[in-house]
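In what follows, a structure is listed as structure tokens, so that the remarks can point back to it.
Predicted model only: the values in this text are computed from it and were never measured. Labels below follow one simple rule: chain letters A, B, ... track the order of the sequence lines, proteins then strands, and each chain is numbered from 1.
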2 protein chains.
Amino acid sequence: MSAVPAEQATEPAAAPADRTLRHSISEVSARTGLTTHTLRWYERIGLLDPIDRSHAGRRLYSDRDLERLAFLGRLRLTGMPVADMLRYVELVRAGDHTVEGRRDLLVAHRDEVRQKIADLHATLAVLDRKIDLYSGKKQNT
Amino acid sequence: MSAVPAEQATEPAAAPADRTLRHSISEVSARTGLTTHTLRWYERIGLLDPIDRSHAGRRLYSDRDLERLAFLGRLRLTGMPVADMLRYVELVRAGDHTVEGRRDLLVAHRDEVRQKIADLHATLAVLDRKIDLYSGKKQNT
DNA sequence: TATCGAGTTGGAGTGCACTCCAAGCAAGCA
DNA sequence: TGCTTGCTTGGAGTGCACTCCAACTCGATA
């Protein structure tokens, strides 16, 4: 959202009934694995654009919100700090001229993800060796 | 240390000059990537056995300490909580009869490491796709 | 109509893993 | 002899990412 210009609040009729389904916060929590606390917090700090509300004030997440959350969830899960995620969504919000900055940010994160994978594999080897030793014979450290 | 019994403080002569070299805290910090603060803290909370001291009270890390630290560093780097690391070293300290418990702990961590690798790879795919899109054309989210 | 469950808010609190501080001391060098 | 460097200590402080609380509101059900 907000990267495609001009699509703000109301757009009453004639829409292709795609983005029409709305999801409660508990439903979104169940789907994303984020707690309702975290979902509200993400919105508060600006990671999510203000979520639509029912006339009673309850959040109604769109499918598009879910997509955004799925991506943010991946970034978070792979260790991107919330502050960096915020920088990213602010670039998205700022418009098409920030595409390069966004790419740079994601490329940097990809490098870190690759590094993490390498670290994990190296540790996996160490663990395999140690577990073998523990399984076969008594051994130290 | 402490898994191999009887090797406490002094052992003056005739040793094979292996475990004789001693390292200052700053040297260990440089080698392990842990800050001196963290090294002292690890010792304080019991992750490390009490480190030998010079007559002036300064820490002198043995090669064996470095080995222990290297392994602990790997565990930490791959996301094991410090509390779990502590459980592990306490098992080591407790003696040979805890070998099974140690193995279980490491096996559990290995499972988590594998899960992390899977998550990271999945995210890598998402990042690759998005970066391609950003590199080629303007695109949203 | 009463009450229940699921949601709302701003702000305070928590847990983890460090990280820093202030005061002090010993060794080496000018 | 004095200064600098690198270390020592216990305890306090920090930053991050949530996580919880109290008080409240709405809509649906019995």
Rounded distance in Å - [atom1] ([X]) to [atom2] ([N]):
X: A:I25; N: C:dA6; atom1: CD1; atom2: P; answer: 13 Å
X: B:R40; N: D:dG11; atom1: CZ; atom2: C1'; answer: 14 Å
X: A:H37; N: D:dC21; atom1: NE2; atom2: C1'; answer: 9 Å
X: A:W41; N: C:dG10; atom1: CH2; atom2: P; answer: 16 Å
X: A:I45; N: D:dA17; atom1: CD1; atom2: C1'; answer: 9 Å
X: B:D52; N: D:dC7; atom1: CG; atom2: P; answer: 17 Å
X: A:D84; N: D:dG15; atom1: CG; atom2: P; answer: 17 Å
X: A:L60; N: C:dA6; atom1: CG; atom2: P; answer: 16 Å

Does a side-chain N or O of [X] approach OP1 or OP2 of [N] to a distance below 4.0 Å, or not?
X: A:Y42; N: D:dC18; value: yes
X: A:R76; N: D:dA17; value: yes
X: B:R53; N: C:dC25; value: no
X: A:R59; N: C:dT9; value: yes
X: A:R58; N: D:dC26; value: no
X: B:S24; N: D:dC7; value: yes
X: B:H55; N: C:dA27; value: yes

- Query: Would you call B:K116 and B:E112 a salt bridge, using N to O less than 4.0 angstrom?
  - Reply: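 Judged by the 4.0 Å cut-off on N to carboxylate O distance, B:K116 and B:E112 do not form a salt bridge.
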
- Query: Do we see a donor-acceptor contact under 3.5 Å between the side chains of B:S135 and B:D132?
  - Reply: no

- Side-chain donor-acceptor pair present, B:D111, B:Q115, cut-off under 3.5 Å: no

- Query: With nearest nucleotides of DNA chain D determined for A:A56 and B:A56 from heavy-atom distances, which residue corresponds to the more 5′ nucleotide?
  - Reply: B:A56

- Item | Polar side-chain contact B:R44-D:dG11 base: donor and acceptor under 3.5 Å | yes

- Task: Please say which of B:T35, B:L34, B:V82 ends up in a side-chain contact (heavy atoms from CB on, under 4.5 Å) with B:W41.
- Result: B:V82

- Checking all strands, does B:S26 fall into the base, sugar-phosphate, or nothing category for heavy-atom contacts under 4.0 angstrom?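 It contacts sugar-phosphate atoms only.
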
- Query: Testing B:R102, B:R103, B:E100 for side-chain hydrogen bond (donor to acceptor under 3.5 Å, both in side chains) with A:Y134, which one passes?
  - Reply: B:R102

